[in-house]
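For this chain, numbers begin at 1 and follow the sequence in order. Below, all heavy atoms of this structure are taken into account, side chains as well, without hydrogens, waters or symmetry copies.
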Amino acid sequence: MKTAILTDSTAYIPKQIREQYNIHMIPLSVIFGSETYQEEVEITAEEFFAEMKQHQELPTTSQPPVGEFVELFEVLSKEYDSVISIHLSSGISGTYNGALTAGTMVEGIKVYPFDSEISCMVQGFYALEAAELAEDGAEPEKIMERLNEMKRSMRAYFMVDDLTNLQRGGRLSGAQALIGSLLQVKPILHFVDKVIVPFEKIRTKKKALNRVYELFHEDASQEIPMRAVIIHANRPDEVEGIKRNLEQKYPHVEFMISYFGPVIGTHLGEGAIGLGWYKK
C-alpha cells in the first residue's frame with residue numbers, strides 16, 4: 001500500500017522540509033477586511049506581521065472548504081491507496097472535521113484523519129514522523145498507532161508577550177488585558193482537552209520563559225532522546241540564542257526552530273514564544 005501524508009498549513013513546516021519528506025499541505029486562510037490570503041501560499045509569516053501593523057481590526061481566519069479536501073484527496077487517489085490527514089486541534093478549528101467529512105465523499109483512497117489536539121510545528125512533528133514511516137513502507141494502521149503513541153509524551157507551552165490580540169480576539173476581557181499589561185503579566189498557555197487554556201500567569205517575560213524551560217527540563221532531564229521545537233512570532237534572532245543555550249544543556253535532544261504563522265499568530269500576537277517536544 002502506498003500512503004500519502006497530508007497536514008494543514010498551521011503545522012508551519014517549511015516548504016523545503018515538506019518537499020524533502022513528501023508531505024502534502026492544505027492551507028487555512030487569514031482575512032484582512034475584504035482580502036483573503038492562504039497562509040504559506042499567498043502570505044508569509046513576516047508579511048502577515050507587517051500587514052497586521054497596518055490594520056486597526058484584527059484579521060479573521062478560516063478553515064479549508066470541504067470541497068478543497070475532496071479535490072486534494074481525488075488528486076492523491078491517482079497515486080496513493082491511503083492518506084493520513086493530520087490537523088490542528090479540533091477544539092480550535094473545524095479543519096479536522098472537514099477532512100473527516102471529505103474522507104467519506106471520495107472513492108479509491110482511504111482517508112485516515114488524525115486530530116493532533118495541538119498546532120504549529122508540534123503538529124508538524126506528527127507529519128514528519130508519519131512521512132518517515134510511510135517512506136519505509138509502514139501500513140497506515142501502524143502509522144496511526146505510532147501517532148497515538150507520540151501523543152502521550154507530546155508537550156507544548158506558549159508564552160504570550162503582548163495581550164492585545166488575545167484581548168481583541170475576545171479571548172480576554174479588556175479589564176483583564178489592561179491589568180495584565182500594567183503588571184507585565186506574560187501568560188503561559190497550553191492545550192488541554194483540545195483547547196488553549198492558561199497554564200500560569202507570570203510577571204515579566206524572562207520569568208515566563210524560565211518557567212517554560214523548567215517544564216521542559218522535567219522531561220529532558222531523563223536523558224531520553226527527544227525532538228523539540230522553539231516557535232516564535234517574528235522573533236528569529238531571539239530564538240536562535242534560545243536554541244544554542246538549550247542545545248548545550250541537552251545534547252540528547254534534537255532541536256529545531258519554527259514560527260507562528262498568520263492563523264495562529266492572529267490569536268497569539270507578535271513576540272509570542274513557544275517550546276514543544278516529545279520523546280522519540
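To the nearest 0.5 Å, atom NE2 of residue His232 and atom CD of residue Glu238 are 10.0 Å apart. Within the model, atoms CG of Leu133 and NZ of Lys142 stand 10.5 Å from one another, a figure rounded to the nearest 0.5 Å. Here CG of Leu215 is found 11.0 Å from CG of Asn210. Values are rounded to the nearest 0.5 Å. Taken to the nearest 0.5 Å, the CG atom of Leu88 stands 5.0 Å off from the OG1 atom of Thr95.
Shown here is Glu141, whose CD atom has more than 12 heavy atoms of other residues, nucleotides or ligands within 6.0 Å. Applying the 6.0 Å contact sphere to CD of Glu47 captures more than 12 heavy atoms from other residues, nucleotides or ligands. Glu135 CD: 12 or fewer foreign heavy atoms inside a 6.0 Å radius. Within 6.0 Å of atom CG in Asp136, more than 12 heavy atoms from other residues, nucleotides or ligands are found, so the atom counts as buried in its surroundings. Dense packing is recorded around CD of Gln222, with more than 12 heavy atoms of other residues, nucleotides or ligands lying under 6.0 Å away. Within 6.0 Å of atom NZ in Lys205, more than 12 heavy atoms from other residues, nucleotides or ligands are found, so the atom counts as buried in its surroundings.
Ring planes of Phe73 and Phe69: tilted class, angle from 30 to 60°. Between Phe191 and Phe158, the angle of the ring planes goes over 60°, which puts this pair in the perpendicular group of the 30/60° scheme.
Ring-centre distance between Tyr126 and His87: not below the 6.0 Å cut-off. Taking the six-membered ring for Trp and the full ring otherwise, the centers of Phe255 and Phe216 sit less than 6.0 Å from each other.
Grouping the Ile, Leu, Val, Met, Phe, Trp and Tyr side chains by contacts below 4.5 angstrom, directly or via other members, places Tyr259 with Val263. There is a path of hydrophobic side-chain contacts, each under 4.5 Å, that joins Leu275 to Ile202. Transitive grouping of hydrophobic side chains (ILVMFWY, heavy atoms separated by less than 4.5 Å) keeps Met256 and Ile242 in distinct clusters.
Nearest heavy atoms, Phe49 versus Gly269: CE2-C, 4.1 Å.
Under 4.0 Å is where a charged nitrogen must lie from a carboxylate oxygen, and between Lys243 and Glu240 no such pair does. Comment: Glu270 engages Arg235 in a salt bridge, judged by a side-chain N to carboxylate O separation of less than 4.0 angstrom. Under a 4.0 Å N-O distance rule, the pair Arg211/Glu214 qualifies as a salt bridge. Arg146 and Glu132 are not joined by a salt bridge, as no carboxylate oxygen comes within less than 4.0 angstrom of a charged side-chain nitrogen. With salt bridges taken as basic N to acidic carboxylate O contacts below 4.0 Å, one links Glu254 and Lys280. Using a 4.0 Å cut-off between charged side-chain N and carboxylate O, Asp81 and Lys110 make no salt bridge.
Formation of a donor-acceptor pair under 3.5 Å by the Ser85 side chain with backbone atoms of Pro113 is not found in this model. No side-chain donor-acceptor contact under 3.5 Å links Ser77 to the backbone of Val106.
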Evaluation steps, side-chain contact (heavy atoms from CB on, under 4.5 Å), between Ile26 and Thr7: CA-CA 6 Å; Ile26 191 162; Thr7 192; over 6 Å; no

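For the 3.5 Å distance criterion, the side chains of Thr3 and Ser82 qualify, holding a donor opposite an acceptor. For Gln38 and Ser9, the side-chain atoms include no donor-acceptor pair closer than 3.5 Å. If you check the side chains of Tyr278 and Arg227, you find a donor sitting under 3.5 Å from an acceptor.
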